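No experiment lies behind these values; they were computed from the predicted model shown. Only heavy atoms go into these numbers, but all of them, side chains included; no hydrogens, no water, no symmetry mates.
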Amino acid sequence: MFWNRPLSLLAVVIAQAGFPLLCHAATGTASQRSPLPTLAPVHHQNTSVLSIEYYDSAPHNTTAPVAILVHGFPYSIDTFVDVVPKLAAQGYRVIAPSMRGYGSTAFLSPTTPRSAEQAALGKDIIDLMDALDIKKAIFAGYDWGTVAVNVAAALWPERCSGMVAANSYLIQNRDTAWAIAPPAALALRWYFYVFLTPQGYSALASDPKGWAETLWSKNSPNWTYTEAQLDAAALAFQNPDYVEIATNFYRNRLLYAPGDPQYARLAERLDKQPVIRVPSVTLDPIEAVVFPPTNGSSTAKYFTGPRVHHEVPGCGENIPLQKPQVFADAILEVAALGRRQ
Ligand SMILES: *[C@@H]1O[C@H](CO)[C@@H](O)[C@H](O)[C@H]1NC(C)=O
Ligand SMILES: *[C@@H]1O[C@H](CO)[C@@H](O)[C@H](O)[C@H]1NC(C)=O
Ligand SMILES: *[C@@H]1O[C@H](CO)[C@@H](O)[C@H](O)[C@H]1NC(C)=O
Ligand SMILES: *[C@@H]1O[C@H](CO)[C@@H](O)[C@H](O)[C@H]1NC(C)=O
């Protein structure tokens, strides 16, 4: 049922290639260690739709405050490898799920539509919390992860003690999906449009790691990521639904693919761009390309609770991997905002 990360094979390849044998895994037994900067070990939990792969820093601790960290595209849970120990040291139970289409997260049924619509990404977080019997957590994400945590925080505020989101608010009203944008802005989102085409689909299928390399470089121009970081993420792209989910995200947002009917009512609520009323810390990386940095004023109307906005210098779109301390600090900051409420 599950696709398993071929770690041992990769370890041999990497060792032969002469890369240093790094192990950033936050916990794990010797047999689960890998030479790549991965979050391990992972667990699995069924929801009504998925078997979700997730990392859990303290699976048996039912009293620790919980932070759920949600990755973007084309990245993986390994994005959080240096964030987890910082939060765990502060007493947090840190959970990082692989989104649908990534890692060994798997659809339970072959007939479930492979939808990456915003409602599904948010609902997956709540479904995982239900399955793990977690009542409330801090949600933190970037890129697709921002979409997921925005949706979960807006529609289920009673499950969210605080939200951290790069680029503030990315919930989409489908009525504005085709709004005219300046050519320079569209040029930065070139891959959204490539993924609408059969050629884009095949190109992603034929070289997912190459796509990641290009998008990491273009979307975070000054970031000197390592080959090992790229290899760790690339493992998550071997999921049989990866290409379908990755392309569906853009096809759905641009109205080239309908949503899954089971999320239709949630999708309609999201079209109204619901406000987020939980304490929020929002981050705009200065060197991000797809969503240029702002001072937060343009998204202020979406936040009705306490909200602090920071611009993050020297950083592209993947804040947790490029600036793990900034991302961890934002989570501690939102927790403090909540305590002051
Ligand atoms: C998850 O669901 C699958 C398919 O229904 C089933 O085979 C598996 O045993 C379930 N796993 C758990 C832990 O319940
Ligand atoms: C659970 O986490 C809290 C800190 O958040 C810690 O004080 C406690 O000792 C942990 N409990 C167990 C059983 O590890
Ligand atoms: C990259 O860093 C340099 C030096 O800090 C800076 O001048 C430049 O604006 C940065 N590039 C981008 C795209 O942010
Ligand atoms: C924030 O940016 C907007 C336009 O981008 C500008 O009008 C506003 O004055 C800025 N606010 C602050 C506090 O700098």
Side-chain angles (χ1 to χ4, degrees), residues 3 5-7 9-22 24 34-39 70-83 96 98-99 101-104 116 141-146 166-167 186-250 285-292 314-324 327:
W3 166 85
R5 297 172 165 213
L7 291 179
L9 175 65
L10 204 86
V12 173
V13 173
I14 300 277
Q16 284 174 347
F19 286 99
L21 293 182
L22 300 170
H24 292 228
S34 92
L36 295 176
T38 56
L39 265 188
V70 190
H71 66 85
F73 166 85
Y75 301 101
S76 69
I77 58 172
D78 310 303
T79 283
F80 301 109
V81 72
D82 295 325
V83 175
S98 286
M99 279 196 173
Y102 295 79
S104 59
Y142 68 99
D143 190 73
W144 288 25
T146 291
N167 310 119
L186 292 178
L188 301 174
R189 304 180 212 159
W190 59 278
Y191 57 99
F192 297 16
Y193 307 100
V194 173
F195 288 153
L196 301 182
T197 70
Q199 186 191 25
Y201 187 102
S202 306
L204 182 62
S206 76
D207 189 11
K209 186 182 160 187
W211 272 85
E213 192 164 15
T214 294
L215 291 174
W216 290 22
S217 301
K218 282 194 173 294
N219 291 348
S220 305
N222 273 347
W223 179 31
T224 49
Y225 54 84
T226 65
E227 188 71 18
Q229 287 170 328
L230 191 62
D231 282 332
L235 289 175
F237 309 151
Q238 296 179 29
N239 185 300
D241 295 309
Y242 177 69
V243 178
E244 192 64 32
I245 288 293
T247 54
N248 182 273
F249 179 86
Y250 300 99
I286 298 280
E287 296 178 1
V289 167
V290 179
F291 298 103
C315 193
E317 72 177 11
N318 188 332
I319 304 172
L321 197 50
Q322 200 175 350
K323 298 275 182 198
F327 203 77

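- Panel note: side chain Glu244, backbone Asp241; no donor-acceptor pair is recorded below 3.5 Å.
- At least one side-chain heavy atom of Trp144 sits under 4.5 Å from a side-chain heavy atom of Phe249.
- Every residue two or more places apart in sequence or in another chain that forms a side-chain contact (heavy atoms from CB on, under 4.5 Å) with Thr214 is listed here: Trp190, Lys218.
- Residues Ile319 and Tyr142 are not in side-chain contact: their nearest non-hydrogen atoms beyond the backbone lie 4.5 Å or more apart.
- In terms of the side chain to side chain donor-acceptor pair (under 3.5 Å) criterion, residue partners of Lys209 (sequence neighbours excluded) are, by chain and number, Glu227, Asp231.
- Remark: Tyr75 engages Glu317 in a side chain to side chain donor-acceptor pair (under 3.5 Å) (not counting sequence neighbours).
- Tyr225 pairs by the ring-ring contact (aromatic ring centres under 6.0 Å, His included) definition with Trp216, Trp223, not counting sequence neighbours.
- Between Phe73 and Phe237 there is no side-chain heavy-atom pair separated by less than 4.5 Å.
- With rounding to the nearest 0.5 Å, the separation of OG in Ser76 from CG in Leu321 is 8.5 Å.
- Residues passing the side-chain contact (heavy atoms from CB on, under 4.5 Å) test with Leu196, sequence neighbours excluded: Tyr193, Arg251, Leu254, Tyr256.
- Between Leu39 and Asp78, the shortest heavy-atom contact is N-OD1, 2.8 Å.
- Proximity of a side-chain donor or acceptor of Asn239 to a complementary backbone N or O of Gly103 within less than 3.5 Å is detected.
- The six-membered or imidazole ring of Trp211 lies near that of Phe195, with a centre-to-centre distance under 6.0 Å.
- Not counting sequence neighbours, the partners of Phe192 by the ring-ring contact (aromatic ring centres under 6.0 Å, His included) test are Tyr250.
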